Amino acid sequence: MKNWSLVFAIVVLQGCAFSQSVLEVEHSAEANFRGPISAVDGFEILRPVLSDQRADRNRIGAKKNGYGMETADISSSKPVEDILASAIVAGFQANGHSLGETNAISVTGDVKRFWFDTDVNFWTVEFTGEVQCSLKFFSHGGDLIHQGNYTGAHSIKKGGGLEKTWTEVMSKAVDNLVEDIMFDEDLVEAMQQL
Amino acid sequence: MVNSFRWLFILASLIVALPSFATGVVELRVKKEAKFDVVYDRADSSSTGAVIGGLIGAAIEEGVRGSKDTEKKNLLLGSLDDSTCTARIVNALEATLLKSEYALIRESSGTDSTLRLELSVRNCGFKMVNTITGEASAYVKMTAELFVPGVKKPRKQEVYVTGKNQYLFESLVSEKDSINEEFSYVLSKAGKKLANKIIYRR
């Protein structure tokens with residue numbers, strides 16, 4: 001009986017390793033996004049229109065076995081461009097700016113990287129999330145105000161971790177990307193000159 | 001003549017006392033300074049050695065990967081103009097703090113009324129960031145503890161910055177200008193990021 005239970009457990013775990021995982025990645029509601037952009041007088045911003053320009057758009061990571069071989073894909077429940085657009089809006093709102101309908105600043109951009117990686121060591125596993133995007137900010141009149149490239153990364157080392165940990169790592173990477181935007185002093189300067 | 005010296009003395013005293021005119025003073029203590037490192041083969045590790053040879057196998061595999069990374073590190077060191085990490089982080093930290101009228105001092109103020117920042121630069125260099133494609137980018141990882149007067153527990157900040165671009169290792173070796181720029185970029189960005197966290201998150 002014990003042997004069959006062990007075999008059953010191994011089969012289930014192996015199945016997990018070979019099945020796709022879908023992560024509910026999104027920015028943290030309680031993240032502190034306050035940064036230099038809060039010094040700019042309140043402005044309105046339209047929801048960013050982002051395009052997924054990653055080389056591999058079908059997934060955000062890959063499961064690996066103990067030999068470092070890929071076994072299954074890791075993907076996100078929402079398109080990465082939607083995840084980042086929502087996060088960027090939340091970032092600006094946290095700094096005293098608002099989502100607008102008209103007379104607002106428009107934002108376009110490309111998602112260049114949205115990747116979850118694992119480094120399997122003997123005692124620990126390091127989980128790393130990296131997110132990168134480029135953004136262009138336009139005035140209501142269509143003039144380019146500012147453009148920049150932004151990154152967010154997060155990594156933790158643990159004895160092990162499953163989807164909850166992976167989701168936390170990627171979500172924190174998204175938070176750090178938003179922080180990168182809110183800390184962009186060139187963006188602050190450009191907005192102050194409007 | 002005496003009056004001129006008197007005014008000069010007053011001016012000199014003011015300049016010497018400059019930090020006290022700042023909005024805030026931050027006392028910096030660097031607890032750990034990382035050395036430039038390349039984490040490439042070690043980032044693409046697995047448990048193969050452990051499966052085949054147990055603990056000894058794992059140790060051998062770790063040693064081999066570490067040795068390969070040391071070779072890669074030596075190759076890149078030859079291309080870097082400056083491989084030190086902490087100084088450039090602190091310079092960027094100081095410059096950003098100064099813009100918001102915070103002065104950074106490197107010695108103890110002797111009082112409990114200043115902000116104290118304990119900085120540990122844990123890792124810096126180049127690291128494989130995509131184990132599927134084998135691409136690497138510049139990176140720095142550091143931990144900072146901010147002691148705010150009147151608050152018992154320090155506020156801990158983790159800063160992890162990676163470079164704008166990813167490279168295969170062969171490209172890193174051949175593009176000397178790129179790796180210098182990328183490395184300087186992450187160090188400077190880490191310092192600025194930490195400064196902004198102090199200014200806006202206290």
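Not measured: the values here are computed from a predicted model. Chain letters run A, B, ... following the sequence lines, proteins first and then strands; every chain starts at 1.
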K.L.:
Name the option with the most non-hydrogen atom pairs under 4.5 Å to chain B; the candidates are A:K112, A:M69, A:M182, A:E70.
P.N.:
A:E70

K.L.:
So that I know where these two stand, are B:F126 and B:Y167 an aromatic pair - ring centroids less than 6.0 Å apart?
P.N.:
no

K.L.:
So for B:T133, is it side chain, backbone, both, or neither that comes closer than 4.5 Å to the heavy atoms of chain A?
P.N.:
neither

K.L.:
Pick one of side chain, backbone, both or neither for A:T128, based on which atoms fall under 4.5 Å of a heavy atom in chain B.
P.N.:
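Only the side chain of A:T128 comes within 4.5 Å of chain B.
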
K.L.:
Heavy-atom cut-off 4.5 Å, strictly under: side chain, backbone, both or neither for A:D180 against chain B?
P.N.:
side chain

K.L.:
What part of A:A153 lies closer than 4.5 angstrom to a heavy atom of chain B: side chain, backbone, both or neither?
P.N.:
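Both parts, backbone and side chain.
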
K.L.:
Could you grab the distance from atom CD1 of A:I74 to atom CG of A:L23, nearest 0.5 Å is fine?
P.N.:
6.0 Å

K.L.:
Under 4.5 Å from any heavy atom of chain B, what part of A:S155 do you find: side chain, backbone, both or neither?
P.N.:
both

K.L.:
Can you check whether A:F92 and A:F43 have ring centres sitting under 6.0 Å from each other?
P.N.:
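Ring centroids of A:F92 and A:F43 are less than 6.0 Å from each other.
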
K.L.:
At what distance, to the nearest 0.5 angstrom, does CZ of A:F127 lie from OG1 of A:T167?
P.N.:
11.0 Å

K.L.:
Is the shortest side-chain heavy-atom distance between A:D73 and A:N58 below 4.5 Å?
P.N.:
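They are not in contact (no side-chain heavy atoms under 4.5 Å apart), so the answer is no.
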
K.L.:
Determine, stepwise, if the pair A:D184 / A:Y150 fulfils side-chain hydrogen bond (donor to acceptor under 3.5 Å, both in side chains).
P.N.:
CA-CA 9 Å; A:D184 182 358; A:Y150 304 98; 2.5 Å; yes

K.L.:
With a 4.5 Å cut-off on heavy-atom pairs, point out which of B:E158, B:K192, B:K164 contacts chain A the most.
P.N.:
B:K164

